[in-house]
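These notes are about the structure you will find just below.
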Amino acid sequence: MLDQRLVRENPELIATQLGRRGMDVDLSSLQEIAQHQRDLEQQRSTLQAEGNRIGKEVGLKIKGGADPKGAEVAELRQQGNAIKQKVSVLEDEEKQVASKLKTQLLTFPNLPSAECPDGKDENDNIEVRRWGTPREQEGLEEHWAIADRLGLLDSERSVRIAQSRFVTLFGQGARLERALINFMLDLHGGKGYREVLPPVLVNSASLTGSGQLPKFAEESFRCADDDLWLTPTAEVPVTSLHRDEIIPGAQLPLKYVAYSPCFRREAGSYGRDTRGLIRLHQFNKVELYWFVHPDHSEEAHAQITADAEAVLQALELPYRVLELCTGDLGFSASRTYDLEVWLAGAGAFREISSCSVCGDFQARRSSIRTKEGKVTRLVHTLNGSGLAIGRTMAALLENGQQADGSVLLPQALVPYFGGDRIQPE
RNA sequence: GGAGAGGUGGCCGAGUGGUCGAAGGCGCAGCACUGGAAAUGCUGUAUAGGGGCAACUCUAUCGAGGGUUCGAAUCCCUCCCUCUCCGCCA
């Protein structure tokens with residue numbers, strides 16, 4: 001959420017920064033609302049101060065022996081009543097204005113970081129580095145074909161169970177999924193991340209806190225009878241772990257690694273990635289999340305990205321790192337690195353992790369602060385996939401496929417999977 | 001789902017109409033005492049918003065929202081949540 005004070009005092013800055021995202025916004029009316037709200041608050045509190053004074057005076061007079069029904073007290077009562085009238089009118093208006101302001105503020109995306117490169121869309125993203133050597137070869141299968149041939153998953157039966165864009169994993173496929181989750185949790189757990197297994201049903205305050213609501217309601221599944229939604233990412237429950245808290249400075253940074261299934265409606269993606277494990281309504285993900293002191297989020301961003309990359313390296317999967325341009329930035333992010341893994345069968349890089357620094361954007365929405373001496377400050381938050389499990393499996397299948405039809409797995413997975421190869425059954 | 005109890009500061013807990021943002025305790029921080037520590041003593045210790053260079057000051061907040069009153073943590077109404085027992089259940 002944008003800082004209300006900034007809206008009042010420097011709307012031009014906001015407009016300029018949102019302009020870098022490709023938004024053409026006129027903030028003058030919002031600024032007006034914000035100023036109006038502040039004016040109303042000033043008027044109201046001045047009146048309330050006067051009312052409080054009168055209330056106390058009445059108390060003192062009565063205590064001092066004045067007749068509670070006498071003229072002197074009656075006069076004060078009348079003054080009190082008059083003020084009460086005015087306050088209540090102002091209060092009503094102020095509430096309306098404040099709620100209008102809040103509603104609007106919640107719809108604005110984060111301002112891009114100064115470091116974030118300007119650009120229009122994904123074509124303007126900047127490749128930062130590459131790791132590993134992509135396997136390029138004619139006749140390689142795509143992962144869904146491999147998975148089908150090896151009996152690792154069944155999409156058609158999943159339609160019977162749920163609908164399209166769901167998969168059911170079987171046998172070695174199910175075991176590989178489970179192995180990957182454990183492998184990633186262990187890897188990050190060994191690097192100072194605290195493991196959490198959060199609820200995957202989250203309330204709307206949580207979704208608002210991390211930025212999914214109010215704008216992206218159509219992207220999440222909602223429970224009909226409760227204020228609960230299926231979480232689209234563990235980022236949501238983990239952000240709300242500390243909602244409305246003041247975290248002592250000595251505890252920062254807080255680093256969490258959370259496994260969760262993720263649920264996304266994928267509205268508007270009809271026809272894209274309809275086969276296999278790339279785009280599903282339900283998928284597994286291991287998520288990294290940091291709460292950091294506001295002065296240290298840049299270093300943290302480099303580190304969380306490195307931690308996500310470490311998974312790909314351990315799995316010997318070639319990848320590249322893109323820095324997203326302002327036009328491709330997510331709603332809550334101020335700066336993002338995407339990790340794209342090489343899919344040998346498809347012959348393309350595909351996003352497998354997105355590592356973002358959100359500055360104080362989520363912290364303001366979620367009211368998560370830290371304290372230095374007398375000063376409270378909003379913390380900064382960061383999140384990064386470490387990694388999306390389904391896409392990791394896809395990459396392992398495509399990059400590890402062998403001429404004999406089997407799939408060779410990286411050594412790091414052997415203790416988790418119980419072997420170094422998926423064999424045709 | 002049925003029955004009951006309860007929501008007060010970081011925590012415990014007092015407070016049933018009048019300088020109550022709230023006693024007391026614990027915890028925490030600083031100072032004193034000490035060779036050092038414990039113990040002890042003193043001082044300080046909520047959040048948000050507004051104003052002020054600042055010292056500071058005003059307003060709001062005792063689960064949430066309404067109401068009564070000159071004045072509400074305290075009285076009334078509605079809602080939410082938590083806990084306990086029973087039922088059901090992994």
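Just so it is clear, the model here is predicted, and its values are computed rather than measured. Proteins come first, then strands; the chains are lettered A, B, ... in the order of their sequence lines, and each starts at number 1.
Residues A:His242 and A:Tyr256 bring their aromatic ring centres within 6.0 Å. Between A:His380 and A:Phe361, the ring center distance fails the sub-6.0 Å criterion. Here A:Phe183 and A:Tyr416 bring their ring centres to under 6.0 angstrom of each other.
A:Asp227 has its CG atom 18 Å from the P atom of B:A64, to the nearest Å. Rounded to whole Å, the distance from CZ on A:Arg377 to C1' on B:A48 is 18 Å. Between the CD atom of A:Glu94 and the C1' atom of B:A48 there is a distance of 13 Å, given to the nearest Å. Atom CD in A:Glu57 sits roughly 13 Å away from atom C1' in B:G18 (whole-Å rounding). When rounded to the nearest whole Å, the span between CZ of A:Arg44 and C1' of B:G51 equals 14 Å. If you take NE2 of A:His242 and P of B:G10, they are 16 Å apart, rounded to a whole angstrom. If you take NZ of A:Lys56 and C1' of B:U19, they are 5 Å apart, rounded to a whole angstrom. For A:Gln85 and B:U69, the CD to C1' distance is 13 Å, given to the nearest whole Å.
For A:Glu266 and A:Arg279, the salt-bridge test passes: some basic side-chain N is under 4.0 Å from an acidic carboxylate O. The residues A:Glu57 and A:Lys61 are annotated as salt-bridged, a charged nitrogen and a carboxylate oxygen being separated by less than 4.0 angstrom.
Each of B:U69, B:U59, B:G66 was ranked by its minimum atom distance to the side chain of A:Lys95; first place goes to B:G66. Checking B:C58, B:C70, B:U47 against every side-chain atom of A:Ala49, the shortest atom distance belongs to B:C58. Closest approach to the A:Arg369 side chain among B:G50, B:A48, B:C70 is made by B:A48 (side chain taken as heavy atoms from C-beta onward). Residue A:Asn81 places its side chain closer to B:C70 than to any other of B:C70, B:G49, B:A60. Checking B:G71, B:U19, B:G50 against every side-chain atom of A:Arg38, the shortest atom distance belongs to B:G50. Each of B:G50, B:U59, B:A46 was ranked by its minimum atom distance to the side chain of A:Lys371; first place goes to B:A46.
The residue A:Gln48 sits close only to the backbone: its heavy atoms come under 4.0 Å of sugar-phosphate atoms, none of a base. Among the atoms of the strands shown, none is found under 4.0 Å from any heavy atom of A:Ile83. Backbone-only contact: A:Arg5 has heavy atoms under 4.0 Å from sugar-phosphate atoms and none from a base.
As rounded to the nearest Å, B:C79 and B:G27 have P atoms that lie 42 Å from one another. One C1' atom belongs to B:U19, the other to B:C11, and the distance between them is 28 Å to the nearest Å. Nucleotides B:A73 and B:A54 place their P atoms 31 Å apart, quoted to the nearest Å. Rounded to the nearest Å, the gap between the C1' atom of B:G13 and that of B:C20 is 16 Å. The gap from the P atom of B:G17 to that of B:C89 amounts to 50 Å, rounded to the nearest Å. B:A29 and B:A37 are spaced 14 Å apart, taking the P atom of each and rounding to whole Å. As rounded to the nearest Å, B:G71 and B:A5 have C1' atoms that lie 32 Å from one another. Taking the C1' atoms as reference points, B:C70 lies 28 Å from B:G63, given to the whole Å.
Residue A:Asn52 places at least one side-chain N or O closer than 4.0 Å to OP1 or OP2 of B:A60. For A:Arg53 and B:G71, the shortest distance from a side-chain N or O to OP1 or OP2 is not below 4.0 Å. For the OP1/OP2 pair of B:G18 and a distance below 4.0 Å, the side-chain nitrogens and oxygens of A:Lys61 include no atom meeting the criterion. Between A:Thr46 and the phosphate of B:U59, there is no side-chain N or O to OP1/OP2 separation shorter than 4.0 Å.
With a 3.5 Å ceiling on both atom-pair distances, the Watson-Crick or G-U wobble partner of B:A48 is B:U59. The partner of B:G65 is B:C77, judged by Watson-Crick or G-U wobble contacts that both fall below 3.5 Å. Across all strands shown, the partner of B:U82 is B:A5, judged by Watson-Crick or G-U wobble contacts whose two distances both fall under 3.5 Å. In this structure, B:A29 forms a base pair with B:U43, meeting either the Watson-Crick or the G-U wobble geometry with both donor-acceptor distances under 3.5 Å. With a cut-off of 3.5 Å on both Watson-Crick or G-U wobble distances, the partner of B:U34 is given as none. The partner of B:G71 cannot be assigned: no Watson-Crick or G-U wobble pair with both contacts below 3.5 Å exists in any strand. Here B:C89 sits opposite no nucleotide as a Watson-Crick or G-U wobble pair (both hydrogen-bonding atom distances under 3.5 Å). Remark: B:A14 base-pairs with no nucleotide; criterion is Watson-Crick or G-U wobble with both hydrogen-bond distances under 3.5 Å.
Each of A:Gly80 and A:Glu41 lies near RNA chain B, and the nucleotide nearest A:Glu41 is the one positioned closer to the 5' end. For the pair A:Leu76 and A:Ser367, both in contact range of RNA chain B, the more 5′-proximal nearest nucleotide belongs to A:Ser367.
Under the 30°/60° scheme for interplanar angles, the aromatic rings of A:Phe166 and A:His281 are found to be tilted.
In A:Gln313, the CD atom is crowded: over 12 heavy atoms of neighbouring residues, nucleotides or ligands sit closer than 6.0 Å.
Put simply, the side chain of A:Val97 does not reach to within 4.5 Å of the side chain of A:Lys100, judged on heavy atoms.
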